[in-house]
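Below is one structure, written out as structure tokens, with a few remarks after it.
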Amino acid sequence: MEKIIYQVDAFTEVLYGGNPAAVVLDARGLNEEEMLKIAKEMNLSETAFVFPSDNDTTEYTLRFFTTTGEVDLCGHATIASFFLLGTKGLIQGNNNVKVVRQKTKAGILPVELFFNNNRVQRVLMTQKNLNLFRKLKRRIF
């Protein structure tokens with residue numbers, strides 16, 4: 001099965017700067033073993049795999065792999081993935097902010113894409129406060 005793999009530098013406007021992440025925009029059909037092999041081959045800190053949503057609550061499902069296994073969430077790979085989705089026209093906007101929801105192993109999290117003249121200018125993501133969640137989980141369960 002052929003897949004296109006992009007290397008995207010997050011957190012920069014300078015070529016070869018920032019924090020690189022590999023991104024597979026269409027990960028349909030890949031299993032966990034194949035995703036791990038791709039992550040090992042790319043040999044970056046994280047590789048993001050983008051799937052279309054399987055529900056009405058989110059637009060995308062993202063899975064993140066290091067060279068040794070899957071992680072719940074990766075900030076720079078999220079930024080890289082959604083910047084690429086906007087750049088490739090899979091998420092569109094004009095002079096506005098487009099909010100999309102991603103499903104991750106860390107939960108459902110919103111991502112904001114800021115557009116100017118149909119071009120992505122920046123991407124912001126929200127993360128859960130895991131320390132607060134862990135404290136609440138201990139008290140509740």
L113 side chain reached by V97 side chain, heavy atoms, under 4.5 Å
no
How far does NZ of K103 sit from CD1 of I108, to the nearest 0.5 angstrom?
7.0 Å
With side chains defined as the heavy atoms from C-beta onward, is the minimum distance between Y60 and L85 less than 4.5 Å?
yes
Any side-chain heavy-atom pair of D72 and F64 under 4.5 Å
no
Do you know the tightest heavy-atom contact between P20 and H76?
O-NE2, 3.2 Å
Below 4.5 Å, heavy atoms only, C-beta onward: do Q102 and E59 meet side chain to side chain?
no
T47 side, atom OG1; K40 side, atom NZ - distance, nearest 0.5 Å
12.0 Å
Check this for me: does any side-chain nitrogen of one of E33 and K37 sit under 4.0 Å from a carboxylate oxygen of the other?
yes
Do the side chains of F51 and V111 join up, straight or via other hydrophobic residues, at under 4.5 Å, putting them in one cluster?
no
Would you say V8 and I4 are hydrophobically clustered, going by side-chain heavy atoms of ILVMFWY under 4.5 Å?
yes
Please find the pair of heavy atoms, one from L36 and one from T66, that lie closest to each other, and give the distance.
CD1-O, 3.7 Å
Heavy atoms only: give me the nearest T67-A39 pair and the separation to one decimal.
CG2-O, 3.7 Å
Quick one: CD1 on I79 to CG on D9, what's the gap to the nearest 0.5 Å?
13.5 Å
Tell me whether F11 is reachable from F82 by hopping between hydrophobic residues (I, L, V, M, F, W, Y) whose side-chain heavy atoms are closer than 4.5 Å.
yes
When rounded to the nearest 0.5 angstrom, what is the spacing between CG in N96 and CG in N116?
10.0 Å
Using only heavy-atom distances, determine whether the side chains of T58 and S53 contain a donor-acceptor pair under 3.5 Å.
yes
Taking all heavy atoms of G29 and all of E34, pick out the closest pair and write down the distance.
O-OE1, 3.6 Å
Gap between atom OG1 of T61 and atom CZ of R63 - 0.5 Å precision
9.5 Å
Taking it one step at a time, do I38 and M42 satisfy side chain to side chain contact (heavy atoms under 4.5 Å, CB included)?
CA-CA 6 Å; I38 291 169; M42 296 308 297; 4.2 Å; yes
Quick check: do V50 and D26 have side-chain heavy atoms less than 4.5 Å from each other?
no
Give me the atom names and distance for the closest heavy-atom approach of A48 to S81.
CB-OG, 3.2 Å
Test your reading of the model: is there a side-chain donor-acceptor pair from N95 to the backbone of N117, 3.5 Å cut-off?
yes
Take a 6.0 Å sphere around CD of E112 and say whether it holds more than 12 heavy atoms from other residues, nucleotides or ligands.
yes
What distance do L73 atom CG and M125 atom CE have between them, rounded to the nearest 0.5 Å?
4.5 Å
Working for side chain to side chain contact (heavy atoms under 4.5 Å, CB included), residues L25 and L90:
CA-CA 10 Å; L25 282 183; L90 298 169; 4.1 Å; yes
Spell out, as yes or no, whether a donor-acceptor pair under 3.5 Å connects the side chain of E46 to the backbone of L44.
no
Can you name the nearest heavy-atom pair linking N118 to G93, along with the distance?
OD1-O, 3.0 Å
Can you find a pair of side-chain heavy atoms, one from F115 and one from V120, that are under 4.5 Å apart?
yes
Is L109 reachable from V23 through a run of I, L, V, M, F, W or Y residues, each pair having side-chain heavy atoms under 4.5 Å apart?
yes
Does the side chain to side chain contact (heavy atoms under 4.5 Å, CB included) test come out yes or no for K88 and Y6, once each step is laid out?
CA-CA 12 Å; K88 294 291 184 183; Y6 298 88; 3.5 Å; yes
Counting only heavy atoms not in K3, do more than 12 fall under 6.0 Å of its NZ?
yes
Verify same cluster id: L84, V24 (apolar side-chain graph, 4.5 Å)
no
List in chain and number order the residues that pass ring-ring contact (aromatic ring centres under 6.0 Å, His included) with F65, two or more places apart in sequence or in another chain; answer none if no residue qualifies.
F49
